[in-house]
Amino acid sequence: MNRYSLNQATTKYWPLEEVVKASANAGLEWIGLWREPIQEYGAERAARLVADAGLKVSSLCRGGFFTATDPQERQAKIDDNRRAIDESATLGTSVLVLVSGGLPPGSRDIDGARAMIRDGLAELAPYAEERGVVLAIEALHPMFASDRCVVSSLSGALDLAEHFPANQVGVIVDAYHLWWDADVYRQIERAGERIVSYQVSDWTVPLPADNLLGRGMMGDGVIELRRLREACDAAGYDGPIEVEIFNQELWDAPGQEVFDLAYARYQEHVV
């Protein structure tokens with residue numbers, strides 16, 4: 001249980017102070033953070049809040065979105081990722097989660113978009129290493145390839161990551177995005193030391209109209225969450241396991257209620 005980390009996206013509307021307090025009261029060691037609310041709160045202030053509660057930050061989400069054809073827009077994205085790296089270092093986390101970007105507007109060139117991601121990683125990886133931060137590529141389910149992430153498999157994430165040292169670029173194993181892939185267990189073994197986070201939620205049907213909010217609470221869907229966790233363990237990953245759920249019903253529910261349910265379901269379906 002000392003690996004459990006509630007990503008604050010799971011309780012989107014719950015104030016950061018309350019998420020931190022609940023995590024500390026439960027005797028947890030970790031918490032996962034998101035950039036937008038942390039920027040609003042202040043990264044240095046958030047770092048103090050987390051540290052004073054005896055917690056550590058398992059990851060900061062998110063950087064990425066490298067796929068831009070306009071040179072000025074591309075530079076703006078690189079600059080924003082540098083800020084994300086700095087924020088990660090301020091918060092004391094070594095993991096910056098990357099949602100790499102979909103097809104640029106009007107483009108059908110998916111190989112070109114993936115090349116843009118590789119170029120962005122090459123530009124940022126040394127900067128991240130200097131600050132003790134690993135750029136963590138998260139493969140997203142193929143339904144998000146057009147607008148969010150053209151990296152749609154763990155194999156594809158590793159193909160990008162392996163251009164760089166493991167202390168610069170790693171990968172995320174997100175159960176929601178990868179459970180369907182017949183090759184995922186072989187790719188987890190391949191990933192080995194590059195795994196820097198295992199994230200859990202569940203796949204429920206039918207999906208909502210906004211498929212971004214289609215993640216379910218662990219145990220409400222079809223994913224073999226424990227099997228995936230055991231595969232990550234066997235590959236050598238022994239770090240935090242984040243509960244990260246985008247679900248409007250959960251967001252609308254009382255934060256403590258969601259926190260308690262997630263903690264119980266994690267014990268039942270992941271540990």
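Note that the coordinates shown come from a computational prediction; the quantities given were computed from them, not determined experimentally. Quick note: numbers below take in every heavy atom, side chains included, and nothing from hydrogens, waters or symmetry partners.
Across all non-hydrogen atoms, the minimal contact from Ala157 to Val151 is N-CG1, 3.5 Å. For the pair Leu228 and Ile188, the tightest heavy-atom approach, listed with the atom from each and the gap, is CD2-CD1, 3.9 Å. Residues Gly32 and Ser5 share a closest heavy-atom pair of N-OG, 3.2 Å. Shown here for Met116 and Ala68, the closest heavy-atom pair between the two residues is SD-N, 3.6 Å.
Using a 30° and 60° split on the angle between ring planes, Phe259 and Trp14 fall in the tilted class, from 30° to 60°. The aromatic rings of Tyr4 and Tyr266 stand perpendicular to each other, their planes meeting at an angle above 60°, with 30° marking the opposite boundary.
Contact check for Glu123 versus Gln75: side-chain heavy atoms found under the 4.5 Å cut-off. Residues Ile137 and Leu121 form a side-chain contact, since some pair of their non-hydrogen atoms from C-beta on lies under 4.5 Å apart. Proximity of Leu49 to Leu16: side-chain heavy atoms (C-beta onward) are separated by under 4.5 Å at one or more points. Between Leu91 and Ile38, the closest side-chain pair of non-hydrogen atoms falls below 4.5 Å. Side chains of Gln39 and Arg83 form no contact here, defined as non-hydrogen atoms less than 4.5 Å apart. You'll find the side chain of Asp252 stays beyond 4.5 Å of the side chain of Leu250, heavy atoms only. Contact check for Leu98 versus Arg62: no side-chain heavy atoms found under the 4.5 Å cut-off.
Ion pairing between Asp183 and Arg186 holds under the 4.0 Å rule for side-chain N and carboxylate O. Arg190 has a carboxylate O that lies under 4.0 Å from a charged side-chain N of Asp159, or vice versa, which qualifies the two as a salt bridge. Salt bridge Asp233/Arg229: present, at least one basic N to carboxylate O contact under 4.0 Å. By the 4.0 Å N-to-carboxylate-O rule, Asp80 lies close enough to Arg35 to be salt-bridged with it.
From Leu225, atom CG reaches atom CD1 of Ile241 across 10.0 Å, with rounding to the nearest 0.5 Å. Atom CD1 of Ile110 sits about 5.5 Å away from atom CG of Leu103, to the nearest 0.5 Å.
Counted within 6.0 Å of CG on Asp238, heavy atoms from surrounding residues, nucleotides or ligands total 12 or fewer; the atom is thus considered open. Crowding of Glu193 atom CD: a count of heavy atoms from other residues, nucleotides or ligands under 6.0 Å not exceeding 12. More than 12 heavy atoms of other residues, nucleotides or ligands shown are found within 6.0 angstrom of CD on Glu36. Heavy atoms from other residues, nucleotides or ligands lying under 6.0 Å from CD of Glu230 number more than 12. Applying the 6.0 Å contact sphere to CD of Glu17 captures more than 12 heavy atoms from other residues, nucleotides or ligands. Residue Glu130 places its CD atom among more than 12 non-hydrogen atoms of other residues, nucleotides or ligands, all under 6.0 Å distant.
When atom types are taken as modelled, the side chain of Thr10 and the backbone of Val243 share a donor-acceptor pair closer than 3.5 angstrom. Remark: the backbone N or O of Thr67 is not paired with any side-chain donor or acceptor of Arg74 at under 3.5 angstrom. Although no hydrogens or angles enter the test, the distance criterion places no donor-acceptor pair under 3.5 Å between the side chain of Asn211 and the main chain of Gly214. Although no hydrogens or angles enter the test, the distance criterion places a donor-acceptor pair under 3.5 Å between the side chain of Asp202 and the main chain of Val222. Arg3 contributes a side-chain N or O that, together with a main-chain N or O of Gly239, makes up a donor-acceptor pair within less than 3.5 Å. No donor-acceptor distance shorter than 3.5 angstrom exists from the side chain of His177 to the backbone of Leu140, with no hydrogens or angles considered. At distances below 3.5 Å, at least one donor-acceptor pair connects side-chain atoms of Arg114 with backbone N or O atoms of Val150.
Both Val196 and Val97 are members of a single hydrophobic cluster when ILVMFWY side chains are connected at heavy-atom separations under 4.5 Å. Cluster membership check: Val134 does not share its hydrophobic cluster with Phe164, using side-chain heavy-atom separations under 4.5 Å among Ile, Leu, Val, Met, Phe, Trp and Tyr. Under a hydrophobic-cluster definition in which Ile, Leu, Val, Met, Phe, Trp and Tyr are linked whenever side-chain heavy atoms come within less than 4.5 Å, directly or via other members, Val95 and Leu124 are assigned to different clusters. Val270 and Ile223 fall within the same hydrophobic cluster, defined by Ile, Leu, Val, Met, Phe, Trp and Tyr side-chain heavy atoms under 4.5 Å apart, directly or through other members.
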*Under the side-chain hydrogen bond (donor to acceptor under 3.5 Å, both in side chains) rule, what do Gln187 and Asp181 come out as? Steps first, then yes or no, please.*
CA-CA 10 Å; Gln187 295 302 323; Asp181 188 351; over 6 Å; no
*Residues Glu138, Val173; criterion side chain to side chain contact (heavy atoms under 4.5 Å, CB included); working and verdict*: CA-CA 7 Å; Glu138 181 176 10; Val173 177; over 6 Å; no
*Could you go through the salt bridge (Lys or Arg N to Asp or Glu O under 4.0 Å) check for Arg82 and Asp79 one step at a time?*
CA-CA 5 Å; Arg82 286 199 178 94; Asp79 293 343; 3.5 Å; yes
*Begin from the C-alpha positions of Arg215 and Asp174 and carry the test salt bridge (Lys or Arg N to Asp or Glu O under 4.0 Å) through to its verdict.*
CA-CA 11 Å; Arg215 301 187 189 203; Asp174 187 314; 3.3 Å; yes
*Carefully, step by step, assess Trp179 and Tyr185 under the rule ring-ring contact (aromatic ring centres under 6.0 Å, His included).*
CA-CA 9 Å; Trp179 71 274; Tyr185 293 101; over 10 Å; no
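Remark: Arg131 qualifies as a cation-pi partner of Tyr127 under the 6.0 Å distance and 45° angle criteria applied to the six-membered ring.
For Asn7 and Gln199, the side-chain atoms include no donor-acceptor pair closer than 3.5 Å. Side-chain contact annotation: Glu242 with Ser59, donor-acceptor N/O pair under 3.5 Å present. Side chain to side chain, Glu44 and Thr90 fail the donor-acceptor criterion of an N or O pair below 3.5 Å.
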